[in-house]
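Proteins get letters first, then strands, A, B, ... in listed order; numbering begins at 1 in each. In this text the structure is predicted, and so the values were computed from the model without any measurement.
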Amino acid sequence: MRLVSNINNYVQLLEACIASKSLKQGKTIHQHLLKLSNNDFSTQSLLLDKLTRLYISCNKPQLAERVFNRIPISERRNKTILWNQTIRAYAWDGPFEKAIDLYYGMVDSGVVPTKFTYPFVLKACSALQDVENGVKIHGHLKRLDLGCDIYVCTALVDFYMKCGYLVEAMEVFDRMLERDVVAWNAMISGFSLHGFCWNATRLVSEMQQMGVNPNSSTVVAILPAIGEAGRWRDGKAIHGFCLRRGFDGEEVVGTGLLDVYGKCGWLVYARRIFGALKFKNEITWTAMIGACVTCDATGEGLDLFRKMRVEVGVSPSPVMLATVIRGCAKLNDLNIGRQIYCYTIKLGYLSDLMVSNTLLSMYAKCGSINDAMRFFEEMRVKDSVSYSAIISGSVQNGNAEDALQIFLKMQLSGVEPELATMMGFFPICSRLAALQHGICGHGYSIVRGFTGDVSICNALIDMYAKCGKIDMSRLVFDKMCERDVVSWNAMIVGYGIHGLGREAISVFHEMLNVGKKPDDITFIALLSACSHSGLVNEGKHWFLSMTQEYNIVPRMDHYFCMVDLLGRAGLLDEARHFISGMPYEPDAHIWTALLAACRIYKNIELAEEVSNRIQSLGPESTGNFVLLFNLYTTAQRWDDAAHIRIKQKDLGFKKSPGCSWLEVNGIVHAFVGGDGSHPQSAKINKKLEELLAEMKILGYKPESNFVYQDVEEEEKEKILLHHSEKLAVAFGIISLKPNKPILVTKNLRVCGDCHTALKYITIITKREITVRDTSRFHHFRNGICSCGEFW
DNA sequence: ATAGGGTTAG
């Protein structure tokens with residue numbers, strides 16, 4: 001036969017193709033052979049062997065496998081190397097499932113895998129995060145006595161680490177008889193990947209003690225963890241190490257180092273490294289732009305972006321674009337943001353999920369929630385990041401109801417809420433006082449293992465506090481293994497809004513005792529807690545100590561707290577004096593706090609002065625009109641009251657309607673004053689009539705001063721009776737079991753008449769009622785409110 | 001080696 005005589009020629013040709021990796025020529029020969037042999041050269045195992053090798057060397061594992069399978073099984077059994085190399089080719093860039101299938105095929109054919117098989121099949125398992133098969137394969141190799149091989153063990157460590165099975169990885173590593181730098185690096189990059197910076201650095205010193213020198217891969221592996229943890233001292237030490245060992249010229253090392261400096265806020269060093277690098281690739285540029293953005297030099301970052309495009313002529317990658325968009329978000333400049341949006345379209349990156357999620361978050365951060373929402377709806381593919389971004393964006397822009405709806409939709413869509421999603425979800429519950437949803441989210445977070453995270457617990461503390469369950473906040477707080485400043489702050493805020501000033505101060509003391517440094521927010525929380533509990537001396541003391549002992553320069557917010565504190569306590573002159581002593585020009589907020597105090601203590605003269613000040617500061621807010629109007633009506637100065645109302649109307653300020661809501665069986669029911677639209681409206685009204693009659697017997701008199709409309713007395717009584725907080729409470733009474741406490745949330749301060757009426761209602765119904773208004777909780781019980789009339 | 005979502009105050 002001609003073919004037989006020519007085999008050697010073909011073998012030589014194929015070998016040449018293998019050596020030069022020329023796929024095209026190889027394929028031509030393959031075609032030729034098929035024709036020649038009438039599709040029956042399959043008996044020629046030598047040729048099939050060469051063809052398999054050719055396709056492997058050209059990274060075409062699928063073609064290789066097909067040819068390989070035509071070799072008779074009896075012969076294939078002896079070709080372990082070909083099995084291994086095909087698996088390796090699959091493990092290199094997929095499809096990874098094929099690598100695992102082929103491994104099982106190999107075992108089923110009775111071929112014994114070798115130490116060169118396992119690293120690749122394990123790599124495929126970690127790429128797929130396929131723990132089940134990985135563990136099974138680990139079992140196989142134990143039986144083959146490969147459990148001590150250094151390459152196999154390194155591969156196992158890498159596999160377990162990449163799949164998040166740190167304990168298993170450590171077990172394998174500990175049992176290794178010898179460890180080279182690659183084995184150590186596998187452990188180190190594993191810890192680094194999961195953010196365990198401390199473990200990673202400890203291993204680096206351990207390896208040095210064992211006489212193994214870290215190489216540049218070790219450095220590259222550990223740097224991201226250092227940067228993420230913000231440990232710039234370690235970063236500097238590694239930088240020094242790199243200089244001594246001459247690693248600093250490598251692009252990859254330099255990129256890692258400048259990234260660490262950027263993340264730690266040392267833009268100067270980042271710039272220096274960037275400038276010194278001889279070779280910069282696109283990743284280096286991206287890292288530098290990112291460093292500028294992180295260090296609040298966004299302008300510089302955008303300049304670099306421009307420079308790179310013009311001078312270097314590199315087209316930006318999606319990652320770079322995302323970095324630049326993050327910069328735009330930070331600039332809070334929608335104009336630049338819209339330009340970059342167009343640029344994204346031009347580059348064709350709009351379908352890149354990461355890029356579009358960044359854009360989405362940019363719209364939300366720039367306060368353009370409508371753009372964000374539209375963009376979100378138009379996204380064809382949405383993942384948990386997209387949902388998280390739109391949910392937290394909506395809450396932050398004051399739209400908790402929409403955020404809740406989107407969260408519910410997310411669940412229907414089958415996208416699972418992740419940690420960051422819950423981070424946005426709990427503030428929704430806080431805002432709406434939706435306890436049932438909050439508890440549900442807490443349960444979910446436990447199941448998903450999120451509750452080990454400090455920030456999640458912080459969000460839980462805040463959620464329970466704002467849903468009226470301060471004891472639950474404390475429980476979460478006490479169970480935390482570690483606490484950051486936010487945890488302490490959230491706890492202090494919680495006690496503060498419940499009027500538990502003493503407890504707030506005691507938590508603050510605990511905080512100092514354990515050596516946690518309070519920040520500016522801690523003091524805002526502490527001062528406002530004092531203010532809500534009338535702890536004037538304590539407040540004054542901490543205000544002084546804040547500057548003197550903790551070196552915190554008081555901001556406008558701190559001054560606001562102090563004015564509020566003095567004002568609520570009735571020390572109007574002192575408050576007035578305090579304002580004159582401020583180092584800043586007081587803003588409308590500060591004056592409003594004083595005006596509110598004037599209303600409580602009925603000081604019309606000061607109120608008028610303050611009101612003029614506010615007017616001279618420019619645009620007024622509706623609240624001020626209401627305060628002043630309220631003051632005049634209480635003093636029965638009807639003309640002045642009317643004058644204020646006319647002015648308010650002329651200037652186009654409308655009082656935003658009072659709205660109260662409560663959660664029943666996981667559904668939030670909202671009521672506006674005089675609202676008859678609720679399906680149960682008739683029952684609610686009937687209940688209110690009954691309550692009114694009983695209240696009157698106990699001595700309740702409707703305080704018609706709180707009705708701003710100019711109508712008959714009888715009509716005023718009716719308006720009062722249908723204030724939103726009363727509607728919500730009545731609905732709570734008829735729809736919740738008699739022993740259940742009622743929690744109502746209101747968008748404005750609770751009205752004075754309602755405050756009185758609710759005390760009577762707790763006597764009549766023997767039920768606890770809690771109202772959370774804009775600034776605090778009112779717990780009504782047996783005719784008494786926890787606020788001690790401090791509001 | 002670079003990269004999207006996040007908690008506390010007002």
Side-chain angles (χ1 to χ4, degrees), chain A residues 189 192 216-217 219-224 227 250-260 262-263 280-291 293 316-326 329 352-362 364-365 383-393 395-396 417-427 430 450 453-463 465-466 483-494 496-497 519-529 555-561 564 587 589-590 593 774-775:
Chain A
S189 60
S192 191
S216 59
S217 304
V219 172
V220 169
I222 201 172
L223 284 174
E250 292 179 32
E251 292 166 77
V252 185
V253 174
T255 305
L257 282 170
L258 82 80
D259 181 55
V260 169
K263 289 212 167 76
K280 304 178 181 82
N281 57 28
E282 211 241 332
I283 299 179
T284 318
W285 282 93
T286 307
M288 190 59 219
I289 295 171
V293 173
S317 70
V319 178
M320 181 177 274
L321 200 66
T323 307
V324 172
I325 298 171
R326 196 182 103 217
D352 184 298
L353 197 51
M354 192 236 301
V355 173
S356 52
N357 283 339
T358 320
L359 274 168
L360 171 62
S361 127
M362 178 199 73
K365 281 183 185 145
D383 67 355
S384 87
V385 177
S386 333
Y387 277 101
S388 306
I390 193 71
I391 288 171
S392 56
V395 199
Q396 277 156 13
E418 295 300 326
L419 195 143
T421 321
M422 299 315 284
M423 231 46 162
F425 172 70
F426 290 124
S430 299
F450 298 157
D453 184 88
V454 183
S455 305
I456 280 286
C457 290
N458 296 343
L460 280 169
I461 294 172
D462 178 67
M463 182 277 288
K466 296 205 174 128
R483 303 182 184 96
D484 60 11
V485 66
V486 179
S487 328
W488 293 95
N489 292 353
M491 204 59 233
I492 295 172
V493 169
I497 55 176
D519 65 4
D520 49 341
I521 296 174
T522 314
F523 282 99
I524 293 174
L526 189 64
L527 294 174
S528 88
R555 289 204 316 254
M556 201 61 103
D557 299 312
H558 296 98
Y559 285 102
F560 173 84
C561 288
D564 192 55
D587 64 5
H589 260 108
I590 297 272
T774 34
S775 65

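- Rounded to an integer number of Å, the gap from CG of A/Leu460 to P of B/dT8 is 12 Å.
- The distance from atom CE of A/Met320 to atom P of B/dA3 is 12 Å, rounded to the nearest whole Å.
- The CD-P distance, from A/Glu418 to B/dG6, rounds to 14 Å in whole Å.
- Judged by distance alone with a 3.5 Å cut-off, a donor-acceptor contact links the side chain of A/Asp383 to the base of B/dG4.
- If you check distances only, the side chain of A/Ser361 never reaches the base of B/dG5 with a donor-acceptor pair under 3.5 Å.
- Here the nucleotide nearest the side chain of A/Leu353, chosen from B/dG4, B/dG6, B/dA3, is B/dG4.
- Nearest to the side-chain atoms of A/Asn357 among the listed nucleotides B/dA1, B/dG4, B/dT8 stands B/dG4.
- No donor-acceptor contact under 3.5 Å links the side chain of A/Asp520 to the base of B/dA9.
- The A/Asp557 side chain lies nearest to B/dA9 when the options are B/dG5, B/dA1, B/dA9.
- Taking side-chain N and O atoms only, A/Lys466 has a distance below 4.0 Å to OP1 or OP2 of B/dA9.
- Proximity of A/Lys280 to the phosphate of B/dA1: no side-chain N or O atom is located under 4.0 Å from OP1 or OP2.
- In the set B/dA1, B/dT8, B/dG5, B/dT8 carries the atom at the smallest distance from any side-chain atom of A/Pro427.
- A/Tyr387 places its OH atom 19 Å from the C1' atom of B/dG6, with the value rounded to the nearest Å.
- Distance from the side chain of A/Thr421 is smallest for B/dG5 among the nucleotides B/dG5, B/dG10, B/dA1.
- Nucleic acid contact class of A/Val252 (heavy atoms, under 4.0 Å, all strands): base.
- Of the candidates B/dT7, B/dA9, B/dA3, B/dA9 carries the atom nearest the A/Ile524 side chain, counting heavy atoms from C-beta on.
- Rounded to an integer number of Å, the gap from CZ of A/Arg326 to P of B/dG6 is 12 Å.
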* Asked: When you look at A/Ser317 and A/Glu282, which way does the side-chain hydrogen bond (donor to acceptor under 3.5 Å, both in side chains) test go after all the steps?
  -> CA-CA 8 Å; A/Ser317 70; A/Glu282 211 241 332; 3.0 Å; yes

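- Rounded to an integer number of Å, the gap from A/Glu282 CD to B/dA1 C1' is 12 Å.
- Using a 4.0 Å heavy-atom cutoff across all strands shown, A/Pro318 reaches no nucleic acid atom at all.
- A donor and an acceptor atom, one from each side chain of A/Asn458 and A/Asn489, are nowhere located under 3.5 Å apart.
- Rounding to the nearest 0.5 angstrom, the gap separating the CE atom in A/Met556 from the CD1 atom in A/Ile590 is 5.5 Å.
- Looking at A/Asp352, its side chain has no donor and acceptor atom pair within 3.5 Å of the base of B/dG4.
- The separation between A/Ile283 atom CD1 and B/dA1 atom C1' is 6 Å, rounded to whole Å.
- Closest contact between the side chain of A/Ser528 and the listed nucleotides B/dG10, B/dT7, B/dA3 involves B/dG10.
- Rounded to whole Å, atom P of B/dG5 lies 21 Å from atom CZ of A/Phe425.
- A/Ser386 comes within contact range of no nucleotide atom at all, as no heavy-atom separation falls under 4.0 Å.
- A donor atom on one side chain and an acceptor atom on the other are found under 3.5 Å apart for A/Ser216 and A/Glu250.
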